2 protein chains.
Amino acid sequence: MLFDAMRPSSKPGSATTARSTRRRAAPKGPPPPRRGKPSAGKDESRARVRLDVDERRAQLVELGLAEFGTRTYEEVSIDLIAQAAGISKGLLYHYFPTKRAYYVACVREAAARLLARMDVPPEVPPLERLQVGLDRYLEYVRGHGGAFATLMRSGAFADRELAAVVDETRATLLGRLTSGMADIFPAPGMLSSPLLPIALQGWVGLAEATSIAWVEACVASEKAPASAPAPRAADVRDLLAQALIALVHNALR
Amino acid sequence: MLFDAMRPSSKPGSATTARSTRRRAAPKGPPPPRRGKPSAGKDESRARVRLDVDERRAQLVELGLAEFGTRTYEEVSIDLIAQAAGISKGLLYHYFPTKRAYYVACVREAAARLLARMDVPPEVPPLERLQVGLDRYLEYVRGHGGAFATLMRSGAFADRELAAVVDETRATLLGRLTSGMADIFPAPGMLSSPLLPIALQGWVGLAEATSIAWVEACVASEKAPASAPAPRAADVRDLLAQALIALVHNALR
DNA sequence: GCGCCTATTGAACTCGAGTCAATGGGGCGG
DNA sequence: CCGCCCCATTGACTCGAGTTCAATAGGCGC
């Protein structure tokens, strides 16, 4: 509702309110001539631009990243996207079967970028890998601020596919951070306690909540330098790394 | 879409497809006679039942708790709610200005119940209070299964008010669990490190993710007893309690 | 028993998601 | 170089869920 003001502003001249009752035109009926001036008038009239499929898709996903990062899922309307992209609403449905599918594609892209940034070369030893990975993670969250929170949480449980994408991202992320760690643990029960996977999933929740709180603190201390100073990224990273070690340690008896 | 089948099934007789173009009837126009048999026919015709405001509100919130706990926010339609409650759609708007407001009211109620259950008497010493509180928490999450996850996460960032309710609930919950704990810590910097609040907020995320993963494990092991057995609630509780202690310890240098 | 207050109703309205037949830009075979 | 076909693109349309509102009726006070 707050964003209604920035909607396409419904051209006052055209018949927006006139609602005709007739059904869809007959399939073979004579083509009705296009209404008024086809390309005259406003500067916003854009010639039909034909793009390659991948190009167009990439453009739309990029736009979606920006829009969904700023507003909520429901606040972003298809019309808004189409207008911002300079295309018709129908074309969006040529690339994505549904609004949710479009959203899922955007989340997928965001997740892929996050994971790409966290790709630490395999020769790095486990503990350092964890630290470097966490640094990259915090860097990303810091840089993308609210977009991260919105993308990963807003409507995360709205459908199965979305939940699957988020879960998979979390699992991959965890794998990146902990690969090779099995060696450095005392391994009494060969890392097979029923508590372990639960503790690990829990730790991901810790990482997300902590990083979001940290970014909020950063923003707050920028706005009001008098308030509590935001902790340094390295401290947050150490907190998370130590918590992971402790959590695994406790989960294995 | 999966739930379309259980919608009010649009009485086939009435003119659902006829779409009139005329505007709303004139304010003082002669009252058109009510359409066909006012109370005859089907057994489902229910006399107008007049309830007290608080009663009706409570009934609707109770129903909302059940519906929103089962399906997603968008999957729950106002028509569905109205039909299930045996009232007209319009009446819902007499009690809640909007669907979101209705949802917020339901989340508020769920949060209140959770917090009520976690109310441990003040004479209980801090550490035991933490343990008992966590037990109650896990009990609640276990008992309300998906409802908890859905209510606390689905569309949690959809609007400011919802986020505020969730944040406030988390803060209160944390307060319940940690009240009196300031005494038992070495308190070098008087508990005032900029990391502390962030670590605490993070821990709440840990608690939520861990408990959700635990419930999932419980459900999975019920369905397939051959798979990994779910850990006991006490173990999860200890894991969370120890994590909280360790997190606070680390945050204070 | 009358009248008012208000819970309750249902139909109309809004507006955004999703559909579809028609269009036309441009690459390619002739 | 021309015309033909493919497919990206369009815009009007349908459909359905949320929201509004004037009218109705239950029951309590007087």
Side-chain angles (χ1 to χ4, degrees), chain A residues 1 4 7-8 10 14-35 38-39 45-57 74-82 85-102, chain B residues 1 4 7-8 10-11 14-35 38-39 45-57 74-82 85-103:
Chain A
M1 309 234 162
D4 278 6
R7 251 190 270 138
S10 59
S14 48
T16 311
T17 53
R19 195 164 265 267
S20 84
T21 310
R22 91 183 129 95
R23 304 234 127 216
R24 194 187 299 280
K28 280 303 159 198
R34 276 283 144 83
R35 240 164 351 303
S39 70
S45 79
R46 183 182 4 281
R48 197 180 267 212
V49 189
R50 197 189 179 93
L51 281 190
D52 185 62
V53 172
D54 293 331
E55 258 181 285
R56 183 67 84 188
R57 236 190 108 92
E74 1 194 46
E75 283 169 354
V76 175
S77 72
I78 294 289
D79 295 86
L80 186 67
I81 293 287
I87 62 171
S88 73
K89 191 163 56 160
L91 187 56
L92 231 159
Y93 285 91
H94 187 69
Y95 290 92
F96 307 97
T98 199
K99 185 186 175 186
R100 285 225 85 91
Y102 176 50
Chain B
M1 310 238 164
D4 276 7
R7 251 190 270 137
S10 59
K11 307 105 180 180
S14 46
T16 311
T17 53
R19 196 165 264 266
S20 83
T21 311
R22 91 183 129 97
R23 305 233 123 216
R24 193 185 301 279
K28 280 302 155 197
R34 276 283 144 81
R35 242 169 342 306
S39 69
S45 80
R46 182 184 6 280
R48 196 179 266 213
V49 190
R50 199 188 178 93
L51 281 190
D52 185 62
V53 172
D54 293 331
E55 259 180 284
R56 183 68 83 188
R57 235 188 108 94
E74 2 197 43
E75 282 168 355
V76 175
S77 72
I78 293 289
D79 294 85
L80 187 67
I81 293 288
I87 62 172
S88 73
K89 197 162 50 157
L91 189 55
L92 232 157
Y93 285 90
H94 188 69
Y95 290 92
F96 307 96
T98 201
K99 185 186 175 187
R100 286 223 85 89
Y102 176 50
Y103 182 69

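What you see is a predicted model, and the numbers here were worked out from it, not measured in a lab. We name chains A, B, ... by the order of the sequence lines, and we start the count at 1 in each one. All values below come from the heavy atoms of this structure, side chains included, with hydrogens, waters and symmetry mates left out.
When distances are taken from the side chain of L91(A) to each of dT19(D), dA8(D), dG18(C), the shortest belongs to dA8(D). With dA17(D), dT9(D), dG10(C) as the choices, the nucleotide that has an atom nearest any side-chain atom of D79(B) turns out to be dA17(D). Relative to the side chain of S77(A), the nucleotides dG18(D), dG16(C), dG18(C) differ in distance, and dG16(C) lies closest. Nearest nucleotide to the side chain of V53(A), out of dA8(D), dG18(C), dT8(C): dA8(D).
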Taking only nitrogen or oxygen atoms into account, show me every contact under 3.5 Å that the protein makes with nucleotides 26-30 of chain D, one pair per line with its distance.
from, atom 1, to, atom 2, distance (Å)
dG26(D), N2, R50(B), NH2, 3.0
dG26(D), N3, R50(B), NH1, 3.2

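Regarding L51(B), its CG atom lies at a distance of 22 Å from the P atom of dC5(C), rounded to whole Å. The distance from atom CD1 of I78(A) to atom C1' of dT19(C) is 13 Å, rounded to the nearest whole Å. The separation between Y103(B) atom OH and dA17(D) atom P is 19 Å, rounded to whole Å. Summarising the geometry, the separation between CG on D54(B) and C1' on dA7(C) is reported as 13 Å, rounded to the nearest angstrom. We find that CZ of F96(B) is positioned 13 Å from P of dA7(C), with the value rounded to whole Å. Rounded to an integer number of Å, the gap from NZ of K99(A) to P of dG18(C) is 8 Å. The distance from atom CG of D52(B) to atom P of dA7(C) is 9 Å, rounded to the nearest whole Å. In this structure, the OH atom of Y102(B) is 16 Å from the C1' atom of dA17(D), given to the nearest Å.
K99(B) pairs by the salt bridge (charged side-chain N to carboxylate O under 4.0 Å, His left out) definition with nothing, not counting sequence neighbours. Every ring-ring contact (aromatic ring centres under 6.0 Å, His included) that Y102(B) has, sequence neighbours left out, goes to F68(B), F96(B).
The minimum heavy-atom distance between Y95(B) and V53(B), with the atom names listed, is CE2-O, 3.6 Å. The minimum heavy-atom distance between L92(A) and I81(A), with the atom names listed, is CD1-CG2, 3.4 Å. For R56(B) against I87(B), the heavy-atom pair with the smallest separation is NH1-CG2, 3.4 Å. Here the shortest heavy-atom pairing between T98(A) and Y93(A) reads CA-CE2, 4.1 Å. Looking at every heavy atom in both residues, S88(A) comes nearest to A82(A) through C-CB, 3.9 Å.
For the OP1/OP2 pair of dT8(C) and a distance below 4.0 Å, the side-chain nitrogens and oxygens of H94(B) include no atom meeting the criterion. Between dT8(C) and Y95(B), a contact under 4.0 Å exists linking OP1 or OP2 to a side-chain N or O.
Side-chain atoms of K89(B) and base atoms of dT19(D) include a donor and an acceptor less than 3.5 Å apart.
Between Y93(A) and G90(B), the residue anchored nearer the 5' end of DNA chain C, judged by the nucleotide with its closest heavy atom, is G90(B).
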